[in-house]
2 protein chains.
Amino acid sequence: MAVLSKDNGVALYAQVRETLRNRIANGSYQPGERLPPEEALTAEFGVSRMTVRQGILDLLDEGLLYRKRGIGTFIAQRHVHRDHNRLTTFFDSAASENFEAKIEVLKQEVSLARHLVARSLNILEGEPVFHIKTLRFADGLPITLHDEFIPYKLCPDMLHYDFTQVLSWEALERCGFRVKQAVQKIEAIAADEKTAKLLETEIGDPLLYKERTVVGEDGTPLEFALCYNRGDRYSLTTTLTR
Amino acid sequence: MAVLSKDNGVALYAQVRETLRNRIANGSYQPGERLPPEEALTAEFGVSRMTVRQGILDLLDEGLLYRKRGIGTFIAQRHVHRDHNRLTTFFDSAASENFEAKIEVLKQEVSLARHLVARSLNILEGEPVFHIKTLRFADGLPITLHDEFIPYKLCPDMLHYDFTQVLSWEALERCGFRVKQAVQKIEAIAADEKTAKLLETEIGDPLLYKERTVVGEDGTPLEFALCYNRGDRYSLTTTLTR
DNA sequence: CTTATCCGGTTGTCTATACAACATAATTCT
DNA sequence: AGAATTATGTTGTATAGACAACCGGATAAG
């Protein structure tokens, strides 16, 4: 059953990991069942124990397996949403949740960072930032009002993109900044007049409000965004770990 | 500078990890700076490279470091909230955010699981569940209305706890179920009459609504909770990774 | 029968070594 | 000078082996 190839460019531990993942997915290993011990897998795959281990530990982090020292490794029970805090774009969501995405650009300019923006982006108050205000539609209905701020110095040619098609992240990546992580503060607020009008809802209606800071590989803040989401058309799922 | 002790029960890689963490925290290593290469740390700490590596990789997962193959390991820029999706109890939050916590128990009974509850807990509709309804106060002001459901079979003596003092998780742990992960769906809704009255707010005011499923080590659902949080007094922060 | 001890199986930690892959800088060749 | 090659430093992957820590059951002692 050892089907690992030595020279296809894929690391052995990754092949082990994916093989195990498949066996769990297709039911060869059932939830609650014990995985063969590391030694057995070592023999089966013909790799060293540390290599098997590295594959297993990956799945452990994903919550697909759990281990008990001195006892064994077990396949976890599957539950509804697993791993739902991945960073995705609006268009990604549209594809996976199967709705038609449209973006309308309301504003696209260079302005000066006010306090909240500057603090979140870790720049000085008054430094120039791109300010991109968009309205996002799912299946033609307005869902989210988006206010994004990106430090000017990161990507000076940002003004020339068409943000109905290209997302700010793609623009950032073209400037050499890989988006890695985002921190969001979430609350429920009431719609004010302007926002209500744009989102085609009533004043006082509940909105899911997010303040999001996006950072790159090295932890540098790349983007700060304020998102006003219609409460009746938007929900989000997160996973917490102890 | 090698200050690792071989026999204090703490794993060497953990000691390496914490030493590095301290150096980052106290500024010995500055953000953006390059960490000494693995070989150097190997020499300094007097442990093998794999051991140093294990410590470094932990910090990598936390986002405190980042690496570039062929180049080196670097200290990440610090940004506002890091690692804010840890699972904490109400009392934990009270301690860390420095408010006075109080819990009022409105209901504590055994009932039969209705559809949503059964599906979330992966049990059959009509199976007995504990239903614990509580109102939570911060500094004397109501913040959250909590509706928790726990499968009866998991912990039959759950009824006898005093839920103003003991949290359901602690009760679960005494029954041998360690809480490991939670998945939350979050939306913004308007307060209905009953909820508004309990939270001392107005009908229609925005609430942050959460549906939370808590699972144990093996992925078994342990608890399902509906949480109605006052929008003006509650916010939450999550981290997403790509 | 109960308790204590031992033993075997399993995961956790650690070592020492080797080579591959990658990025940058230095060198050499054209 | 410019381009190709080489050298060097760094992280990534992989091996083989060793002992520690832990758990559960079997065995032995009381």
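Model, not experiment: these values are computed from the prediction. Just so we're on the same page: letters track the sequence lines, and every chain starts at 1.
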I'd like a list of close polar pairs between nucleotides 7-12 of chain D and the protein, N/O only, cut-off under 3.5 Å.
{"from": "D:dG9", "atom 1": "N2", "to": "B:G70", "atom 2": "O", "distance (Å)": "3.0"}
{"from": "D:dT10", "atom 1": "OP1", "to": "B:R34", "atom 2": "NH2", "distance (Å)": "2.8"}
{"from": "D:dT11", "atom 1": "OP1", "to": "B:T73", "atom 2": "N", "distance (Å)": "3.4"}
{"from": "D:dT11", "atom 1": "OP1", "to": "B:T73", "atom 2": "OG1", "distance (Å)": "3.0"}
{"from": "D:dT11", "atom 1": "OP2", "to": "B:E38", "atom 2": "N", "distance (Å)": "3.0"}
{"from": "D:dG12", "atom 1": "OP2", "to": "B:R53", "atom 2": "NH1", "distance (Å)": "3.1"}
{"from": "D:dG12", "atom 1": "OP2", "to": "B:R53", "atom 2": "NH2", "distance (Å)": "3.4"}
{"from": "D:dG12", "atom 1": "OP2", "to": "B:R67", "atom 2": "NH1", "distance (Å)": "2.3"}
{"from": "D:dG12", "atom 1": "N7", "to": "B:R49", "atom 2": "NH2", "distance (Å)": "2.8"}
{"from": "D:dG12", "atom 1": "O6", "to": "B:R49", "atom 2": "NH1", "distance (Å)": "3.0"}

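- Scanning for side-chain contact (heavy atoms from CB on, under 4.5 Å) contacts around B:Q108 gives B:V105, B:L159, B:F163, with sequence neighbours left out.
- Listed by first and then second residue, the salt bridge (charged side-chain N to carboxylate O under 4.0 Å, His left out) pairs that reach into residues 212-225 of chain A are A:R212-A:E223, sequence neighbours excluded.
- Residues forming a salt bridge (Lys or Arg N to Asp or Glu O under 4.0 Å) with A:E170 (at least two apart in sequence, or on another chain): none.
- Taking a heavy-atom distance under 4.0 Å as the criterion, the stretch of DNA chain C touched by chain B extends 5' to 3' from C:dT13 to C:dT24.
- The side-chain contact (heavy atoms from CB on, under 4.5 Å) test applied to B:N122 returns B:P221, not counting sequence neighbours.
- A:E109 meets the side-chain contact (heavy atoms from CB on, under 4.5 Å) test with A:K107, A:S111, A:H131; sequence neighbours excluded.
- With sequence neighbours excluded, no residue forms a ring pair (Phe, Tyr, Trp, His ring centres under 6.0 Å) with B:F224.
- Distance CE (B:M50) to C1' (D:dA14): 8 Å, rounded to an integer number of Å.
- Scanning both residues, A:R136 and A:L167, for their nearest heavy atoms gives NH2-CD2, 3.9 Å.
- Taking atom CG on A:D58 and atom P on D:dA14, their separation rounds to 12 Å, with Å as the unit.
- A search for salt bridge (Lys or Arg N to Asp or Glu O under 4.0 Å) contacts involving B:R21 returns B:E18, B:E62, not counting sequence neighbours.
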